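Some notes on the structure that comes next.
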Amino acid sequence: MKNFLLLLFIFTSVHLFGQQEIEPSSSLKDKNIVQFTSFFNNPIDLNIPSAKANYSNNQAKILVENFLTEAKIKSYTTKHKGGGNGRPSFEIGKLETMKGNFRTYLLYQKSNETHKIIEFRIEQE
């Protein structure tokens with residue numbers, strides 16, 4: 001009986017924790033720039049201090065990785081989020097870097113069980 005309960009507990013834990021989705025902003029919170037840029041849609045509407053246009057995801061990855069690596073992320077905080085239920089989700093956040101504080105805006109949609117960022121903006125506060 002103890003073995004059965006232990007197996008049931010393990011199965012339930014794995015099942016529940018295995019279904020957690022990674023949201024793009026969690027990568028910024030973890031300062032994982034490469035993982036963050038892996039969420040970029042193709043194309044993506046990008047508006048950061050060093051670039052403003054629609055870019056392929058490869059071009060945008062290079063631009064954002066260069067900007068965030070140079071700025072050196074201190075922390076990321078989510079300020080507001082909304083959307084969903086079949087519509088794109090959005091998130092407004094605060095990005096603190098060695099080069100100052102920035103307001104961020106993410107617009108992303110779930111596609112094939114993953115989130116795809118369709119618009120990303122960084123503005124100086």
Side-chain angles (χ1 to χ4, degrees):
M1 183 67 177
K2 287 182 184 179
N3 290 338
F4 174 75
L5 291 175
L6 180 61
L7 285 173
L8 181 63
F9 175 75
I10 291 171
F11 176 77
T12 304
S13 298
V14 169
H15 182 69
L16 290 176
F17 291 113
Q19 291 190 5
Q20 291 180 346
E21 292 181 25
I22 298 174
E23 290 190 359
S25 63
S26 65
S27 300
L28 284 177
K29 290 175 187 170
D30 295 338
K31 302 176 189 172
N32 189 339
I33 300 166
V34 173
Q35 183 182 41
F36 175 72
T37 59
S38 72
F39 289 102
F40 285 1
N41 192 49
N42 193 23
I44 179 171
D45 184 7
L46 187 64
N47 187 341
I48 62 175
S50 58
K52 294 178 176 122
N54 284 325
Y55 292 97
S56 73
N57 60 359
N58 289 331
Q59 291 171 315
K61 284 178 186 182
I62 293 167
L63 292 167
V64 171
E65 286 173 7
N66 287 344
F67 176 80
L68 293 177
T69 300
E70 187 179 303
K72 295 185 175 99
I73 299 173
K74 287 195 218 175
S75 68
Y76 176 81
T77 309
T78 300
K79 297 292 184 184
H80 183 70
K81 62 189 330 185
N85 294 331
R87 298 173 297 156
S89 298
F90 71 91
E91 183 172 315
I92 297 169
K94 180 176 183 176
L95 181 67
E96 295 182 31
T97 72
M98 298 298 271
K99 289 195 169 195
N101 296 333
F102 298 89
R103 179 181 184 268
T104 62
Y105 175 78
L106 287 169
L107 183 66
Y108 55 93
Q109 179 122 21
K110 191 170 183 176
S111 173
N112 298 327
E113 301 304 316
T114 61
H115 296 287
K116 289 293 184 186
I117 299 172
I118 51 182
E119 183 177 348
F120 180 53
R121 296 177 178 268
I122 299 177
E123 302 166 347
Q124 187 83 42
E125 278 194 332

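Everything quoted here is computed from the prediction, not taken from an experiment. Just the heavy atoms: all of them, side chains too, but no hydrogens, waters or symmetry mates, feed the values below.
In this structure, Phe90 and His80 have side chains that are in contact, with non-hydrogen atoms separated by less than 4.5 Å. Between Pro43 and Tyr55, every side-chain heavy-atom pair lies at or beyond the 4.5 Å cut-off. At least one side-chain heavy atom of Lys74 sits less than 4.5 Å from a side-chain heavy atom of Met98. Side-chain contact between Leu68 and Leu28: present, with at least one pair of heavy atoms (C-beta onward) separated by less than 4.5 Å. Side-chain contact check for Asp45 versus Ile118: every heavy-atom pair is 4.5 Å or farther apart. Side-chain contact between Lys94 and Lys79 is present, with heavy atoms from C-beta onward closer than 4.5 Å. At least one side-chain heavy atom of Phe102 sits under 4.5 Å from a side-chain heavy atom of Thr97. No side-chain heavy atom of Tyr108 sits less than 4.5 Å from a side-chain heavy atom of Glu119.
Ion pair Glu125/Arg103 not flagged as a salt bridge, since none of the NZ, NE, NH1 or NH2 atoms sits closer than 4.0 Å to an Asp/Glu carboxylate oxygen.
Within a 6.0 Å radius of CD in Glu70, no more than 12 heavy atoms belonging to other residues, nucleotides or ligands are found.
The two residues Phe39 and Ser27 make their nearest non-hydrogen contact at CE1-OG, 3.6 Å. Of all non-hydrogen atoms in Lys31 and Ser75, the two that sit nearest each other are CE-N, 4.5 Å. Closest heavy-atom contact between Gly100 and Gln124: CA-NE2, 4.3 Å.
Asn32 places a side-chain N or O within 3.5 Å of a backbone atom of Gln35 that can act as its donor or acceptor partner. When atom types are taken as modelled, the side chain of Gln59 and the backbone of Ser56 share a donor-acceptor pair closer than 3.5 angstrom. Judged by distance alone, with hydrogens and angles left aside, the side-chain atoms of Ser26 form a donor-acceptor pair with the main-chain N or O of Glu23 at under 3.5 Å. Of the possible donor and acceptor atoms, none in the side chain of Lys52 sits under 3.5 Å from a partner among the backbone N and O of Leu46.
In this structure, CG in Asn58 is found 11.0 Å from CG in Leu63, a value given to the nearest 0.5 Å. Expressed to the nearest 0.5 Å, how far NZ of Lys110 lies from OG of Ser89 amounts to 9.5 Å. Here the CD1 atom belonging to Ile44 is positioned 9.0 Å from the CG atom belonging to Asn54, to the nearest 0.5 angstrom. A distance of 5.5 Å separates OG1 in Thr37 from NZ in Lys61, rounded to the nearest 0.5 Å. One distance of note links CD1 of Ile48 with OG1 of Thr104; it measures 12.5 Å at 0.5 Å rounding.
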(request) Start with the C-alpha gap between Lys29 and Thr78, add the side-chain angles, then the distance that decides, and say whether side-chain hydrogen bond (donor to acceptor under 3.5 Å, both in side chains) holds. (result) CA-CA 9 Å; Lys29 290 175 187 170; Thr78 300; 3.2 Å; yes
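Using bins of under 30°, 30° to 60° and over 60° for the plane-to-plane angle, the ring pair Phe120/Phe36 lands in the perpendicular bin.
Partner of Leu95 under the side chain to side chain contact (heavy atoms under 4.5 Å, CB included) criterion, out of Asn101, Ile73, Thr77: Ile73 alone.
Cluster annotation: Ile33 is connected to Ile122 through the hydrophobic network of ILVMFWY side chains, with a link wherever side-chain heavy atoms come within less than 4.5 Å.
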